[in-house]
Amino acid sequence: MDLGITERVRPLIEQVRLMVETEIAPLDTEFHHEVGRHPSGDRFQHTPRQLEILEGLKAKAKERGLWNFWLTDSERGFGLTTVEYAYLAEEMGKVGIAAEVFNCNAPDTGNMEVLERYGTPAHKERWLQPLLEGTIRSAYLMSEPDVASSDATNISLNAVRDGDAWVLNGEKWWATGAGDPRCRLYIVMACSDPSAHRHSRHSMFLIPSDADGIEVLRPMQVFGADDAPHGHMHIRFTNVRVPSEDLVLGEGRGFAVAQGRLGPGRIHHCMRAIGQAEMALEFLCKRAMQREAFGKKLTDLGANYDIIADARMEIEMARLLCLKAAWMMDTQGTRAAQPWISKIKVVAPLTALKVVDEAMQVHGAAGISQDFPLAAMWTHLRTLRFADGPDAVHRRQVARTELRKYTNDKV
C-alpha cells in the first residue's frame, strides 16, 4: 500500500501550495468582504472586484496547467490517482476560494463526475465542457425539507412521465451553489416510481436552473449566515418539464448515480478538512508563541503543550485514514471503498473541528471574530458533519461492515 507523495505529484503540490500561500490567501479576505456590495444590493451577485479576483486567479491557474486535478480515470482529467489528488486537495482546503481557483470545488466536481461517467455526448457538450472550463457553475439537489434525506430512499420530489417528458413537483433545500449567479445546471434526484424496489424508485435529471416552474424560495442560513455568494438554496418545483433525454443513465437508476457521485465527493471534503486542520494548528502555534499572559508565553500556560501535541498526532492519523480510503478507491473501486469513506467522513471533520476549537481558544475573543478565519472554518466543518450524510449514518455503515465478520445473517 503506497500512500506517499509520488514524484509525479510532488512538483504540483509545491506549485499549488505556493499559489495558495502567496496569491490566493492574500485575496481571500478581500473577496469575502465584497459580499453584499453589489450596486443592486443582492448579496448573491458578484461585485466587479470579486469577479476580477476569481477570474484573474483562475486564469493564472489554467495558464500554469493547475486545473481539473480531481478527475481520475479519464482522458479529460489530469491523470492523477485519488491518493495523489488528496495531497493537492489538502493544500486547497486551507483557503476558502482556493478550490474554485483550480476548478476543483464542490459541488461542481461531483456533478462533473456524474456527467463524465453517466452523461450522453449531448450532456457532455452542453454541460460538462463549460464546467470543465470553469465558465459556469452547478448545484446538486437531493435533500428535502419534509423527509429524512439522510436515507436517500426517502426522497419524495415527484417525477411523473408525460409523453416524451417528465413533470417534476416538490421542494428541495440545501442546494449548495444554487445561489451563485453563474449556476446554470441543477442535477436533481426525484422519485419516479414509488411502488418500485426501494433502490429503484428514483431517477436523476439534468435541469437548467432557469427552467419554467423553478422558484428559489430563500437561502438557507448556516449558523445565521447566508454563505453568499455561494449559497444553499431552498427551491420549489412546480410542473417543471424535463425532456426524457435529460434523464441520467435511465429510469430508476438515481440511487446508483447518487452513490457513484457521493463517493469521490465525500472524500474530497475530507481531504480539504485536513488542510483546514493544518491551517488552524499553524494559527494556534503562532498565536501561542507570540502572546504573553501572566508573565509567560501562552505555550507555557495550561495544557497547551499537550494540546499542540495531540493536534499534530490526530491530524497525522486522520490524514493516513484519508489516504487509505483514497487508496481503496484507486485499487478496489468506490463500492468496495465505501466503509473506508464512511470512516474518514466521520473522522476528518471531527478532528479538524477539535483543532479549530483549540485554536479559537488560544486566540481568545479574537478567535470567534471576523479578524481570523477560524470561526468561518469551524462553521464550515460543523456543517460538513451533515453534508453527504450525517455522522450517525456513516457510523451505521462502519458498524454493519464490522458485524458482517461475525454473522452469516444480513445486518
Side-chain angles (χ1 to χ4, degrees), residues 42-44 106-108 110-111 114 127 137-162 165-196 198-244 246-248 251-259 261-262 265 383-390 392-393:
D42 185 348
R43 290 174 53 80
F44 291 91
D108 293 321
N111 291 342
V114 169
W127 302 117
R137 302 263 67 95
S138 61
Y140 183 65
L141 280 62
M142 187 168 176
S143 297
E144 298 178 5
D146 296 326
V147 299
S149 306
S150 56
D151 178 356
T153 62
N154 282 339
I155 297 302
S156 61
L157 186 138
N158 186 245
V160 177
R161 189 69 181 259
D162 182 22
W166 291 82
V167 180
L168 274 60
N169 284 279
E171 293 184 11
K172 295 286 187 181
W173 68 352
W174 296 107
T176 298
D180 193 314
R182 300 165 299 167
C183 181
R184 296 290 181 269
L185 170 67
Y186 294 163
I187 299 184
V188 183
M189 188 166 177
C191 184
S192 52
D193 184 359
S195 64
R198 63 195 301 262
H199 288 154
S200 301
R201 296 172 189 164
H202 299 88
S203 299
M204 202 77 76
F205 298 89
L206 305 177
I207 305 176
S209 60
D210 60 355
D212 291 341
I214 290 178
E215 179 186 3
V216 177
L217 300 177
R218 57 177 177 161
M220 302 303 300
Q221 293 189 356
V222 185
F223 294 104
D226 59 12
D227 208 11
H230 194 53
H232 316 276
M233 313 309 274
H234 184 179
I235 299 171
R236 178 184 293 144
F237 289 72
T238 304
N239 296 325
V240 177
R241 294 186 67 85
V242 184
S244 56
D246 288 336
L247 179 68
V248 181
E251 184 179 349
R253 303 296 302 279
F255 196 84
V257 174
Q259 288 302 103
R261 179 194 184 279
L262 289 175
T383 306
L384 187 55
R385 293 179 59 198
F386 293 106
D388 297 337
V393 171

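All values reported here derive from a predicted model rather than from experimental measurement. Both backbone and side-chain heavy atoms feed into the values below; hydrogens, waters and symmetry mates do not. Counting from 1, the numbers follow the sequence of the chain as shown.
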(request) Supply the atom-to-atom distance His202 NE2 to Thr153 OG1, rounded to the nearest 0.5 angstrom. (result) 6.5 Å
(message) With a 4.5 Å cut-off on side-chain heavy atoms, are Asp180 and Phe44 touching?
(response) no
(request) Go through the steps for Phe223 and Thr383 under the test side chain to side chain contact (heavy atoms under 4.5 Å, CB included), then give the verdict. (result) CA-CA 9 Å; Phe223 294 104; Thr383 306; 4.2 Å; yes
(request) Begin with the C-alpha distance, continue with both residues' side-chain angles, and end with the deciding distance and a verdict on side chain to side chain contact (heavy atoms under 4.5 Å, CB included) for Trp174 and Val222. (result) CA-CA 10 Å; Trp174 296 107; Val222 185; 3.7 Å; yes
(message) Check whether Asn169 reaches the backbone of Asn239 with its side chain - one donor and one acceptor, N or O, closer than 3.5 Å.
(response) yes
(message) Just so I know, are the side chains of His230 and Pro107 near enough to count as touching, which here means a heavy-atom distance under 4.5 Å?
(response) yes
(message) Within this structure, what is the CD1-CG distance for the pair Ile207 and Asp246, rounded to the nearest 0.5 Å?
(response) 8.5 Å
(request) Specify the closest pair of heavy atoms between Val393 and Ser150, including all atoms of both residues, with the distance to one decimal. (result) CG2-CB, 3.8 Å
N/O donor to acceptor pairs below 3.5 angstrom from side-chain atoms of residues 183-192, sequence neighbours left out:
unit_1 : atom_1 : unit_2 : atom_2 : d
Arg184 : NH1    : Pro181 : O      : 2.6
Ser192 : OG     : Arg201 : O      : 3.2
Ser192 : OG     : Ser203 : OG     : 2.7

(request) Measure the shortest side-chain to side-chain distance between Tyr140 and Lys172 over non-hydrogen atoms and say whether it is less than 4.5 angstrom. (result) no
(request) Please list, chain by chain and in numerical order, all residues satisfying side chain to side chain donor-acceptor pair (under 3.5 Å) with Thr176, sequence neighbours excluded. (result) His232
(message) Please determine whether side chain to side chain contact (heavy atoms under 4.5 Å, CB included) holds for the pair Leu206 and Val248, giving the CA-CA distance in whole Å, both sets of side-chain angles, and the decisive distance to 0.1 Å.
(response) CA-CA 7 Å; Leu206 305 177; Val248 181; 3.6 Å; yes
(message) Working to the nearest 0.5 angstrom, can you tell me the gap between Phe205 CZ and Leu141 CG?
(response) 13.0 Å
(message) For Val160, is there any backbone N or O sitting under 3.5 Å from a side-chain donor or acceptor partner on Trp166?
(response) no
(request) Using atom types as modelled and distance alone, determine if a side-chain donor or acceptor of Glu171 lies under 3.5 Å from a backbone N or O of Pro145. (result) no
(request) Taking all heavy atoms of Ser200 and all of Ala196, pick out the closest pair and write down the distance. (result) O-CB, 3.7 Å
(message) Apply side chain to side chain contact (heavy atoms under 4.5 Å, CB included) to residues Arg161 and Ser244 and explain how you reach the verdict.
(response) CA-CA 8 Å; Arg161 189 69 181 259; Ser244 56; 3.8 Å; yes
(request) Flag the pair Val242 / Leu247 as yes when at least one side-chain heavy-atom distance between them is below 4.5 Å, and no otherwise. (result) no
(message) Between Asp108 and Arg137 (salt bridge meaning N to carboxylate O under 4.0 Å), is one present in this structure?
(response) yes
(request) To the nearest 0.5 angstrom, please state how far the CD1 atom of Ile155 sits from the CD atom of Glu144. (result) 4.5 Å
(message) I need the Asp227 CG to Gln221 CD distance, nearest 0.5 Å.
(response) 11.0 Å
(request) Compare all side-chain heavy atoms of Asn111 with those of Trp127 and state whether any distance is below 4.5 angstrom. (result) no
(request) Enter the distance from Arg236:CZ to Glu215:CD here, rounded to the nearest 0.5 Å. (result) 5.0 Å
(request) For the residue pair Ser149 and Asn154, establish whether any side-chain heavy-atom pair is separated by less than 4.5 Å. (result) no
